[in-house]
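The shown structure was predicted, so the numbers you read here are calculated from the model rather than taken from an experiment. In the text below, chain A, chain B and the rest are named by the order of the sequence lines, each starting its count at 1.
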Number of protein chains: 2
Amino acid sequence: MTENDKLTEERIFEAATDVFVDKGMDGARMQDIASYAGINKALLHYYFRTKDQLFNAVFEMIARKMLKKFAPVFDENLTIEEKIRFFFKEHIAFLQENPKLPGFILNEINRNPARIKILLENIHFEKLWEKLYEQHKAELENYNITEDTMPQLMVSIAALSVFPFAARGLIEGILEKADLGFNKFIEERKEFAASFVIKAIKK
Amino acid sequence: MTENDKLTEERIFEAATDVFVDKGMDGARMQDIASYAGINKALLHYYFRTKDQLFNAVFEMIARKMLKKFAPVFDENLTIEEKIRFFFKEHIAFLQENPKLPGFILNEINRNPARIKILLENIHFEKLWEKLYEQHKAELENYNITEDTMPQLMVSIAALSVFPFAARGLIEGILEKADLGFNKFIEERKEFAASFVIKAIKK
DNA sequence: ATTAGGTTTAACCGAATGGTCAAATGTATT
DNA sequence: AATACATTTGACCATTCGGTTAAACCTAAT
């Protein structure tokens with residue numbers, strides 16, 4: 001049953017993804033994953049020998065999926081400002097559908113920083129801003145951005161997009177008292193963050 | 001021995017802080033904390049009955065310490081721009097000395113959001129931007145900030161300061177290839193982030 | 001010196017957890 | 001129908017972990 005086979009493995013993988021993202025590596029229980037997938041715990045170990053192996057598979061898949069969302073911006077033929085607006089719209093929309101990913105990834109990275117190096121090799125994520133800088137060298141004359149400050153800019157953009165989700169618990173707690181829902185806050189953020197960055201870098 | 005007593009309890013508390021911040025609630029082991037404090041595991045339970053109690057004590061102390069760093073800005077008699085520069089300088093300096101706090105807090109908040117509500121009640125952190133907005137109402141005529149967008153601004157400022165530490169593993173992995181140390185990156189960030197925000201909100 | 005009370009320890013307990021195994025079940029091939 | 005092979009399961013194991021207990025230790029007061 002290659003068909004059923006795939007189904008089982010996929011069900012396991014999806015269950016594992018949900019549980020790991022929700023509880024983290026340390027908090028996740030193999031039994032939970034098995035129950036969630038509607039199978040026996042031994043079958044988990046049949047498909048993925050150990051918890052570590054299962055976790056690594058899940059983590060790499062998620063990290064790849066997330067980092068990939070950063071990439072398409074660089075292929076589009078757009079001005080910097082258009083790219084910035086495009087990025088915030090797309091990336092925040094992605095996070096709206098996967099709101100727990102930021103917290104999960106940041107946490108697991110801190111728990112095991114070594115994993116990142118492997119990840120960054122598999123996905124070629126290096127010198128990403130250099131490419132961007134080359135693409136817009138002429139255009140950047142009108143902006144307060146040099147090659148040196150590109151990393152600062154990139155991290156800032158990532159921060160503005162990712163942080164609200166990573167700190168959702170805090171933000172919700174505070175916004176509540178201003179009776180402003182988190183969803184509305186995020187929806188408004190797509191435009192706010194984009195304009196914020198563009199204003200910030202303009203000469 | 002009230003003197004020795006305090007010493008033991010303090011040693012335990014400090015050890016617990018280190019271990020919890022490093023491994024998180026789920027990853028931390030009572031035995032590790034005991035060993036780290038140079039005492040017996042039973043003595044841990046003698047001073048702090050359960051792991052939960054110990055963790056709560058540690059977490060609340062850390063959260064209070066960290067959130068407190070946000071407060072002084074509001075007491076100073078400074079212009080907005082001065083406050084922004086002051087904040088980034090002070091807050092990032094604080095994080096330089098406690099680089100693992102952001103990851104720890106964000107993670108534990110996601111793992112147990114309910115705890116936040118209790119915390120936010122103990123520390124009165126509410127409507128903080130309303131105070132700020134009132135203080136600078138007149139001055140804000142020259143900026144693109146309304147009362148509605150204050151939360152967006154506040155979250156953005158926090159993001160720019162906190163995120164690099166929460167994502168340190170990632171940033172280091174990427175910066176490495178640009179042979180720029182994390183420390184240098186952070187040092188430069190104090191000025192970069194401040195100017196970034198000021199530019200962004202100016203009319 | 002003895003007592004009393006807080007402090008510290010070694011040994012232990014029960015539950016939970018990651019992982020294993022032999023048996024059972026299903027399935028395709030001959 | 002019989003064989004061979006992959007899939008699935010229940011029962012089980014060893015270890016780890018949070019927590020307990022009873023006894024030992026220390027110190028100050030009588």
List in chain and number order the residues that pass side chain to side chain donor-acceptor pair (under 3.5 Å) with B:Asp18, two or more places apart in sequence or in another chain; answer none if no residue qualifies.
-> B:Tyr36
Specify the separation, in whole Å, of atom CD of B:Gln31 and atom C1' of D:dT15.
-> 14 Å
Hey, mind stepping through B:Ile62 and B:Phe20 against side-chain contact (heavy atoms from CB on, under 4.5 Å) and telling me if it holds?
-> CA-CA 11 Å; B:Ile62 287 180; B:Phe20 275 132; over 6 Å; no
Mind checking side-chain contact (heavy atoms from CB on, under 4.5 Å) for B:Glu81 and listing every partner two or more places apart, or none if nothing turns up?
-> B:Thr79, B:Tyr143, B:Ile198, B:Lys202
Length of the CE-P vector between B:Met25 and D:dC17, whole Å | 14 Å
Does a nitrogen or oxygen in the side chain of B:Thr8 sit under 4.0 Å from OP1 or OP2 of C:dT8?
-> yes
For DNA chain C, determine which residues of residues 32-44 of chain A have any heavy atom closer than 4.0 angstrom to one of its atoms, and list them numerically.
-> A:Lys41, A:Ala42
In whole angstrom, what separates A:Tyr47's OH from D:dA6's P?
-> 12 Å
Looking at A:Arg29, does any N or O in its side chain come under 4.0 Å of the phosphate oxygens OP1/OP2 on C:dA16?
-> no
Interatomic distance, A:Arg49 CZ vs C:dC21 C1' [rounded to whole Å] = 14 Å
B:Asp52 CG to D:dG18 P, straight-line distance once rounded to whole Å | 11 Å
Taking distance alone, no hydrogens or angles, what donor-acceptor pairs closer than 3.5 Å link side-chain atoms of residues 94-106 of chain A to residues at least two apart or in another chain?
from     : atom 1 : to       : atom 2 : distance (Å)
A:Gln96  : OE1    : A:Lys190 : NZ     : 3.1
A:Gln96  : NE2    : A:Glu187 : OE1    : 2.9
A:Asn98  : ND2    : A:Phe94  : O      : 2.9
A:Lys100 : NZ     : A:Asp22  : OD1    : 2.4

In terms of side-chain geometry, is the basic nitrogen of B:Arg85 or B:Glu191 positioned less than 4.0 Å from the acidic oxygen of its partner?
-> yes
Is B:Tyr46 near enough to D:dT20 that one of its side-chain N or O atoms lies under 4.0 angstrom from OP1 or OP2?
-> no
Enumerate donor-acceptor pairs with a distance under 3.5 Å from any side-chain N or O in residues 149-159 of chain B to protein atoms, sequence neighbours excluded.
from     : atom 1 : to       : atom 2 : distance (Å)
B:Thr149 : OG1    : B:Thr146 : N      : 3.0
B:Thr149 : OG1    : B:Thr146 : O      : 3.2
B:Thr149 : OG1    : B:Thr146 : OG1    : 3.4
B:Gln152 : OE1    : A:Arg189 : NH1    : 2.6
B:Gln152 : NE2    : A:Phe185 : O      : 2.9
B:Ser156 : OG     : A:Arg189 : NH1    : 3.3
B:Ser156 : OG     : A:Arg189 : NH2    : 2.9
B:Ser156 : OG     : B:Gln152 : O      : 2.6

For B:Lys51 and D:dG18, what is the distance between atoms NZ and P respectively, to the nearest whole Å?
-> 4 Å
Sequence neighbours left out, what passes salt bridge (charged side-chain N to carboxylate O under 4.0 Å, His left out) with A:Asp26? Give chain and number order.
-> A:Arg111
Quick one: list whatever passes side chain to side chain donor-acceptor pair (under 3.5 Å) with A:Lys83, sequence neighbours left out.
-> A:Gln135, A:His136
Write down the distance between CE (B:Met30) and P (D:dT16), rounded to a whole number of angstrom.
-> 18 Å
Sorted by chain and number, sequence neighbours left out, side chain to side chain donor-acceptor pair (under 3.5 Å) with B:His45 holds for none
Give, ordered by number, those residues of residues 12-22 of chain A having at least one heavy-atom distance below 4.0 Å to an atom of DNA chain C; if nothing qualifies, reply none.
-> none
Calculate the interatomic distance between B:Phe48 atom CZ and D:dG18 atom C1'; express it in whole Å.
-> 16 Å
